[in-house]
Each structure stands twice: as C-alpha cells, then as structure tokens.
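Below is one structure, written out as structure tokens, with a few remarks after it.
The analysis underlying the following values was restricted to heavy atoms, covering all of them including side chains, and did not include hydrogens, waters or symmetry mates. Letters go in sequence order (proteins before strands), and every chain restarts at 1.
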Amino acid sequence: MPEGDVSMAEESNNGSGLDYIMSLEDVPSKLPPHLELFKTRVLCNNDAPVHTETIQYSGAYATLGVDNSVRLDNFCENFKVEVKRLTDSDMEFDLIGIDPAIANAFRRILISEVPTMAIERVYIANNTSVVQDEVLSHRLGLVPIRADPRLFEYPENAGDDKNEKNTIVFKLHARCRVGQPRITVKSDKLKWLPNGSELPCEDVRSNAGSKPKTFTSFTCSQDSLPEFSGNSISVTYPDIILAKLGPGQEIELEAHAVKGIGRTHAKWSPVATAWYRMLPEVVLLEDVVDEVADELKNKCPANVFDIEDFGKGNRRATVARPRDCTLCRECIRGGKEWEDRVSLRRVKHHCIFTIESTGALPPEVLFTEAVKILEDKCERVITELS
Amino acid sequence: MDGGWKTDDGIQMVDGDNFRPKCIYVAVMMRRIMDAILNKDAMDDKDYVGNKRLELSGQLISLLFEDLFKSMTTEVKNLTDKMLDKPDKARNFDMSTNIITLGLERTLSTGNFEIKRFRMERKGMTQVLQRLSFIGAMGHMTRVSPQFEKSRKVSGPRALQPSQWGMLCPCDTPEGEACGLVKNLALMTHVTTDEEEGPLISMCYLLGVEDLELLSAEELHTPDSFLVIFNGLILGKHRKPLRFAAAIRKLRRDGKIGEFVSVYVNEKQHCVYLASDGGRVCRPLVIADKGISRIKQHHMKELVDGVRTFDDFLRDGLLEYLDVNEENNALIALYEGDATSETTHIEIEPFTILGVIAGLIPYPHHNQSPRNTYQCAMGKQAMGNIAYNQLRRMDSLLYLLVYPQRPLLTTKTIELVGYDKLGAGQNATVAVMSYSGYDIEDAIVMNKASLDRGFGRCIVMKKYSAVIQKHSNDTSDRILRPNRTADTAGRMQILDDDGIAAPGEILKPFDIYVNKQSPIDTRTPKSGSAANLPDSAYRSNAQSFKGHGGEVIDRVVLCSDKDKNMCIKFLIRHTRRPELGDKFSSRHGQKGVCGTIVQQEDFPFSEKGICPDLIMNPHGFPSRMTVGKMIELLGGKAGVSCGRFHYGSAFGERSGHADKVEAISETLVSKGFNYSGKDFIYSGITGCPLQAYIFMGPIYYQKLKHMVLDKMHARGSGPRVMLTRQPTEGRARNGGLRVGEMERDCLIAYGASMLIYERLMLSSDPFEVQVCTACGLLGYYNHKLKTGICSSCKNGDNISTMKLPYACKLMIQELQSMNIVPRLKLADA
Ligand code: SF4
Ligand SMILES: [Zn+2]
C-alpha cells in the first residue's frame, strides 16, 4: 500500500532506475487522491461499476514518480489473513492486501483442481428400482465421500491396477420386501468395504479352490493401514436420497471411488462453491442529517447505517456496518441527490473469501491445499523458464 | 326424424301436402338475400365463430355407424332373399360378415371417412395422439382442425376473430400453411352435443310462440313480433321476444332445460334464435343481476372448503354457459368491480381466454404476440415427463428429462392442467450477458459443472422389435441360445441364454440383440414335422444394433402381434447429457442452441457466490420484445429468495394471479438484491468485477427434442442410388450433402471450375464411355477384343474414351429410347 513505498525506497537506494528517482527529494511518493481512489476502489455507481480493473503495469504511474511494481517484501508486510467464521463445512476469511487476480486463482484452484475422492465406477448386480442404472450411478457419483484424498493416488498412475492405494469400494444393498411400504434408500446405505471388491469378475472363470477374482486387487485391507485406523471412510452426509424402492424392488451394487479433480467432473470438486467478494465501503459524501438520515437508514435493507444523536435532537447518519452491504443500490436509488450523498465502493485489495466444503476436507485445509497447488504451478513455471 | 320438421340437412321439410312452412322459409331466405344486397352490413360473416360448428368424434362415429348399420341390414336382406330363393330353406343362416366391425376398424385405422350415404369423403380424420410430451398430448386433444384444404390463399379464416374471445386460444396456432386455420380450444370451452329437440319445441309453443299456420299475413308482418328460429327451422312468431328469451334463460338457470341450450335475440333481423344442436362452442360465465354477481363470498368459501363444486355452481344458477351468439345479448364485465347496472355477466378469469399450452407462458400479456405463438409450437417439443406411467410404456420413441422441475414462476393454468406435477424443463440460473463470442445468434453458453450435476440430462427411449415369423410351409423362425465359444467378435455378449438380450446390458454398435434364425426354405411344404428341421436348414437372421453405443436395454417384452406371431420388443434407453448444438428454449419463444460449454471456474459469479447455469446473449431481447421473460427472471429470483412460488398468469395482475413487478422488486430488495434484478458480478477469468451490473436469475428452460446426436451426419464414400449411380440422399441412407443449384451458381461466380468438376462428377457419378467420333453415339467396350466398338457403325475405328456423369449417359440412353438421338461431337481440347 502507498505508505510502504517510502520506506522501501529508502532501503534500496543503491542508485538504479526507478529506485534512484524515487530516492530523490522532490519526487512525490504518493498518488494524488483521485488516482489513489481509482486505483484501490471499485466505484459502484448507479448505472454501472467503474474502475473495476486493477492496475498491473509497474510503470503505470512512473510519470508521477510512483512505483506500481509488485514487491514481495511490500506484499509480505501488508498481507493479512483474518478468519471471520470457521465451521466444519464452511469458512469466511479476509484476504487483505492481495490482488483480486491471486484471490481468483485460489478460487479457481479450489473449484477445479483440489482433488477429492468420488465414485467413478458402479458395478450393478441388480437394480429393479425405477431409477435407471446410469441415473443411479450419476447420483452416486455426486455423493461426497469423507476420505482424505491426500492418502490416495490418482488411478492413472497405476494403469489397470485397482489397489488399496487408489480405490475405495462401497457396497449398497437395499431391498424392499413385498408387502412392505416403500422405502427410501439414502446415502448411509453405502457401506465401505476395506478389503476391496466382493463381486467376482464374470469373464474370468476361477478355479474352484482359489479365491474368485474380483474387480480390485487389494494387497491388504484398507483399515489395517495406519492412515485409516483412526477415521473410517464413509459418506459425508447420511441423508442424501439415492433412490426409492417399491415393494419387491431391490438394488445391489458396488461403487468404486477414485481420486480426481473438479475440472474433469464437478463431482470431484471439493467445494460446493468457493468465492470471494471485495470489501464493501460505504462513504457518505456529505453530512446526512435529520429526516434524510432516517430515510437513508430505512432505505438500506442490510441495515448498514446508524443514526448518531449529537445533542439537541440533531441526528446524523453514520456508516456502521459497511461489511453487510450487499450492493443493492437502494441507498442511491431515488435520484441524483442520493447519488451525490452516498458513494458505494469496493476495496480492490481486500477480498472476503468464502469456502463451502463438501466435507472431504475441512475448509481451512482445502485452502492450504489450494495454496500448495498454486505453489507447485509457480515452481513449474520457474523450472520451465530456467 | 320424429317430428318430420326437417331433413337431415336441416332444411324445412314438407309435412304432407302443406307447403306453407316451406314457402315462408323460402320467403325469409329471399328477404335476407335482398337485405344483404341492399345493405352489406346485413351480410353474415362466415368466419364468425357463432356460425361455426365443431364436429366431435361421437357425431362422426354415429354417422359412420349409421352408414354401416344400414349397409348391414341391406346385406342381410340380400342374403335372406337369396336364401329364400333356394329350394332348401331350412339351412343355417350365416350372416357373419362383420360389416360393422371391419368398417369401424378400417375407418379408424386409416382415418379416411368415406360415407357415400352422407356424401362425406374426408381424409386424416383420425390422428394418433402425440405422446412426446405431456403438454403435447394435452394440446393435441384441444386441437380444432379445419375441413377445407389449407392451400387457399385467403386471409379471412386465418385472421383472429373477435368472436373467438374466450372460446379459442388466440396464441396457439401453427406457423406456416396451417397458420390460423388450425386452432385450439381455450381453457374453459365446452363443445355442445346434440340435445333432443321435441320437448324444447313444445316448450316454445307453451311459452307463447305462435305457429305460422294460424297467423294471417298481417299478423306475420307486425313490426314488433319476432320470428322464432330453432336450430335453423322456423317455429313461429313471438310478440314479446325479450320476455320469451328471459323465460327460456330462467328455465335454463333453474335446470329445467339443458344448460347448453342457447337463446339469442337478434334485433336487427327481428329474430329469436334458439339452439340446442351439437358442435357449438360455449363457455361458463358468472351471472350478474343488475351488475351484482350472484357468486358471493360464502360460495367461494364453500368452494375452497370443498363443499361445493363447479357443477353445484351451475346447478344453483350462479354460473351459466353462453355460446358465441348468446354472448351478443350479454354485457360481460371483466371483473366484478367493472360491473355497471346493465352488466349481465362477469368473466370467471381473463386468463382462460388462452388455451392449455399458451397458459404455460408466464406473463404472456407482456410479450410480443408472435413470441407466444412460437412458444406454443415449442412447448410441445419440450422434453420432460410424459405421464405418470411413462416408465411402463412401450412407445416407439420417448424423450424424458432425468430431473424435471416445476417452474418457479407458475401460472394458474399450470396448476389446473397439472404441468407443475409433470413438468418439462428446469429452472436454470441465467445471466444475461455476452460471453466468449460463442453466443451469437441466440446460442447459449452452458456451465459444465451444471451439466455434470444433471442439468438438461435426458433419456431417449427407442423401441426395436423382432418378429418370429411363421412361414407358409409351417416352418417358423427360431431363436437360438448363443454359441459363446464361436462368438469371437463378442457381438453376442449381451444375450441371455434364451438368445434374447437381457435388460440392463449396455449395447455397443453391431451387438446382436436377438439371435434369430430363419429357415432357408420358406415355401415348399415339408413332409415331416416342421419343428425338427436340421440346423443346416436355417440361416442366421440375427438382428444387430445400429446406434451410437452406450445405450442400455431398458425392457424386453414378449407378445404376439396381430398375425399371432411371437413378437419381441426391446426398449432401448440412452441417457444423454447436453452437448454442443442441443436445442434449448425458454417459455417465451426464445430458442437457441448450446454454443459452447465452459468450465465453472471461468464462469462469472455474484457477490453471493451464485454462478449461473447458462449465459444468454442480451441481443435476444431488443428485437423480440419478450418482456415477460424479464419479469419471469425477476419473479423467479424473488421466488427462490423468499421461498414462495410466484405467479404470472395472463392478465393476472388485477386479480392477484400474477405478481406485480413492484411487489417483486420489493421482495428482491428485502433479500439484498437490486430492485432491477441486476447483480454485481465478478469475472471468473480475471477475478475483477465486470463493468456492468448483470441481469441474473432463474428462468425455466425447456430442452427441446432436437439433439445433434440424432442429426449430425457426414460421409466420405458410401451407398449410391442404383439408377443414377449418384450418392444417396438423406441421413438415414448415409447420403451425401448435395451441392445444389445455388451452390453451383456460387462456384461458377467464383470461377472455381475444377471444384465444380470435382463435386459434380468425380465425387458423384463418374463413368467411362466409348464415344464414336464418326456418328457421335455411345458405343461399348468389348472385353475380348480389348477395344471399344460402335454398335451403329459396327466397327471400333473412331472410338474415343471419355468420362461422363453416369446420369448424363443415362439421359442419352433414355432419349434414344424415345427416338431422339443426341450425338456427342468431340473436339480436341
Ligand atoms: S447498497 Fe444496499 S445494502 Fe449497501 S448500503 Fe446501500 S442500501 Fe445498504
Ligand atoms: Zn459410330
């Protein structure tokens, strides 16, 4: 941020280019206020938002003697993360001093590149329900699974081999007996088979003595592995409706979950959604007093404004909770005078990030995973370049 | 007929020697003609709905039955006569000719009504009910088709008639040649059926109609006495027509005479018309006495509580049916509040002027009128639910949506017809913005994650059948257990041990789904038992699957067809996710294909984290003027945020059947949205906010049955037509794509002669011919002598070889066969 520029320039005045110019005495180190506003704020006018872009070019303000380059030390000094809300399934935190492009990179990675486990192959032994096989399989695929994807390998690495390192096997067997009322098959019917598939491969006729060949080749049981000893694998939510069975109908199947990423299919996306918004800033351009203040307070559905009493029954509106502003533009509706009174802005370098996890990993872990993936990508760029 | 009053054609008939009624009838006709000549306004309008009659199936079938029954009686009489002529009269009398059964069956299956007795000859009278969508079936059942041929270039019958208000839907008509001729019934229309005339006629006389027999000429022409015409025949005169009409109406409201009897006083013609015939359209209206509705609050409460039904309202004289003619005697107020002291009736609901299909459109009264007509055509093609028994049906083609939804913005019609239970579409969150350039010409951009999660996923079911034929020599086809060891290509993998494919198996192209064998010899009678023919007497007649692959056998049904052969029917199911080029449409005649599919992370997202399912280009709005779609978006958005289904019935704002935009806006604001429905959106690519507020919210989208998978087609080399040796035409025959006349013109204009040569000859039907340069006729190639011979010069001296399109060679020969001799004059190039 602008204050940082001065100190930084002092530190490195070993006399080259921009740094040198910056060190000169009569060079302004700050942008004029209107440019500073356009650089750091999105102005949400009644007709359209303006100054939405960030200014990336390092020399954008060189004629004014202001350095606009990105500097790591500068970033480190100003960057802050504040966690506002954290539960098992979702979190909200502020990324302060970050370019929206970077925040967006995290969002994109969270949606499409952080891996999870999801059901990919379904072997149906019997399905007499009304739900068609492929529809049932599709539904099963979308069921979130509580299993740490970091403990598994991608199936592509193992070729055709489906072993305990890359496959989780679930079994589902539900039947509605004749004479019973209809039943609803929910996701809790999916039972984890730590020993791998139990369905015999049809095309291979096995000898009577040996164990029949199944669809997986596990060398050991998954629950004997130390990673899973503590927490067994299951579906995240037990009440997802998979199918309904009428009397006499039956579903018997085996579902194999593998590791994948959301870009391939949304079922592997670890988040229901992840997004950010820029910090709202509501500025009263003039003093709003008395009836107008009441009117302003009543206009806002998010209750952003408060009324301040400063003696003798004089009242003035204040901006109390700008963070709650949903940008409904109600406060600047009613004509030009309102637009002149209130200015709605967004702080470009302050992102309020929200992650809604589907349950495979807690949201905070998801974010660190996303950071790691971005790190890997950066490293790859560096190695490819050098 | 009983009274002997009129013939079947409705013309006054002579009763004994009394020609007086007939004279009067002719005289009235003459008077009308002269009136019309003198005053064009007195002319009857033949497009006036009150002058039209609809024919219902019952009437038509009764005619057919009458004809067949009469044929049968004459047939029986002839048979009896023949029998009585024979010497031995004591024989069994056989009259099992089934004239009626066969006649009914034939007429119903072909749809050709050819009834000589009634001079009726009509084609296409029966139609197979469209079951492609629930709403298509509903629409089909309300359809009214015209009798006369459609090619006439007249505008009169096609134009919207003011008298069809409330009777026929103003929106629902096809585009193209049948436009305006094929109509659909409105929501509350009732088509009358014939009612017995005798009692009504005697009642008229009791109410003071004076028989013309008893009147003198002077009495006949008293200025204020009105002629009473009943179903087109003159009953007599009445001195107080208004009192007479009022009396009849009172009787009707009291339920003493049928509720569909109509009475109509025409002041201009000095006539009172009574009608009890079938085929008139009529609709219910609330009766008002001096502008005060007969339906009171407590009646409505009883209706809501379920104590009272519509029929009770009718029986208690609160409602009555009016036909188009009687509407002319009524002053109908649109709403109760509009009623004045002259008002006689009040409309039940204005949205009922639309039909079933137009009733699905939310806010149709805000749309440009043709858009509603387009939607009426498209609503029938939307995939969704067909019926509650859709998964037990064996239709030859069935399109289903995997996750059909109920529209967030409903109308009253939707609830009345049950579209909310058998929907055909999904509520998609739509962002109206430009994106990527793949959205030109109404194409839509779709979110891949939405498709992954099941948006627009559909099931296509197709029926295939195999018949186990019985042959004339007592042999029959057979189905064999598959020989799995010999099945090297794996084409028999999906077969069960009975030789028939098993349900649940996934099909690949060329998989055999029934392992059928046919006897080689199906003619010559076999000496021994036909059942134990040796295997060598059979050849394989296995049916193999020709499809895309990935289809699943849904069900297999064994039955016998009408020739008592065993018939195996396979229902093959294909689940498809939307792909590039699949057609979608909103409910406002705005169709578009899927232009591109984009990853979710590249899609824009809102402050609340909402990511649209599809993006629609805003250029779709200005020229189409579908304001209703915008209000649907607003209402849908308010609906999801406040948890109440919003309504958009036609003209419903006043009566509370449609939410007003102001109210919707208020809801939106209270839920933190902008009142106009425009959101602050971030670009998913750059991460920065977009420089405009984006109009975003849910719109009900229909997936139409036109999918690229069924249409895409290309060919390199392939089959050719026998006659011309040119490539076949059409996708079904794996045909080529024609370079037509216009394309040829373009190529000529460009001077691309080699391309023309290549397209029109090399890639089509090149043929080598031997041409005799001496006589210019075509010769032939003698393979023994290895030279070309001219068959008219009888030598091979002047033969040159050249290439021609085979079609050209064909034409030369055809001309020769007609004694025209085309000669080719060859010159060196
Ligand atoms: S934009 Fe809406 S939420 Fe924000 S301050 Fe104004 S009225 Fe309140
Ligand atoms: Zn010759």
Quick one, A:H138 with B:Y403, criterion side chain to side chain contact (heavy atoms under 4.5 Å, CB included). Give me CA distance, side-chain angles, the key distance, then yes/no. CA-CA 12 Å; A:H138 174 234; B:Y403 296 112; 3.9 Å; yes
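- Only the side chain of A:V42 comes within contact range of chain B, with heavy atoms under 4.5 Å apart.
- Residues B:Y682 and A:R107 bring no donor and acceptor atom of their side chains to less than 3.5 Å of each other.
- Residue A:N127: no heavy atom, backbone or side chain, is found under 4.5 Å from chain B.
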Please test B:F680 against A:C44 for side chain to side chain contact (heavy atoms under 4.5 Å, CB included), starting from the C-alpha separation and ending with a verdict. CA-CA 9 Å; B:F680 185 64; A:C44 306; 3.9 Å; yes
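- The parts of B:K678 that come within reach of chain A are both its backbone and its side chain, each placing non-hydrogen atoms under 4.5 angstrom from that chain.
- Counting heavy-atom pairs closer than 4.5 Å to chain A, the top residue among B:V552, B:D679, B:T686, B:L391 is B:T686.
- Neither the backbone nor the side chain of A:T128 comes within contact range of chain B; no heavy atom of the residue lies under 4.5 Å from a heavy atom of that chain.
- Residues of residues 109-126 of chain A lying under 4.5 angstrom from chain B, judged on non-hydrogen atoms, are A:I111, A:S112 in numerical order.
- A salt bridge is defined here as a Lys NZ or Arg NE, NH1 or NH2 lying under 4.0 Å from an Asp or Glu carboxylate O, and A:E134 with B:R457 fails to meet this definition.
- Interface remark: B:I506 contributes no atoms to any contact with chain A (heavy atom separation under 4.5 Å).
- Residue B:V669 touches chain A through both its backbone and its side chain, counting heavy-atom pairs closer than 4.5 Å.
- Both the backbone and the side chain of A:A101 come within contact range of chain B, each with at least one heavy atom under 4.5 Å from a heavy atom of that chain.
- Heavy-atom neighbours of chain A within the stretch residues 570-577 of chain B, taken at a separation under 4.5 angstrom, comprise B:R573, B:T575, B:R577.
- Between chain A and the options B:P503, B:S606, B:S683, B:G672, the largest number of non-hydrogen pairs under 4.5 Å is found for B:G672.
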- Check the pair B:E607, A:M278 against side chain to side chain contact (heavy atoms under 4.5 Å, CB included), reporting the backbone distance first and the verdict last. CA-CA 8 Å; B:E607 288 249 294; A:M278 290 171 177; 5.6 Å; no
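- With a 4.5 angstrom heavy-atom cutoff, A:N45 touches chain B only via backbone atoms.
- Looking at A:T273, only its side chain comes within 4.5 Å of chain B, counting heavy atoms on both sides.
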I'd like to know whether B:V402 forms a side chain to side chain contact (heavy atoms under 4.5 Å, CB included) with A:Q132, so could you lay out the CA-CA distance, the side-chain angles of the two residues, the decisive distance to 0.1 Å, and finally the verdict.
CA-CA 9 Å; B:V402 175; A:Q132 294 87 358; 5.9 Å; no
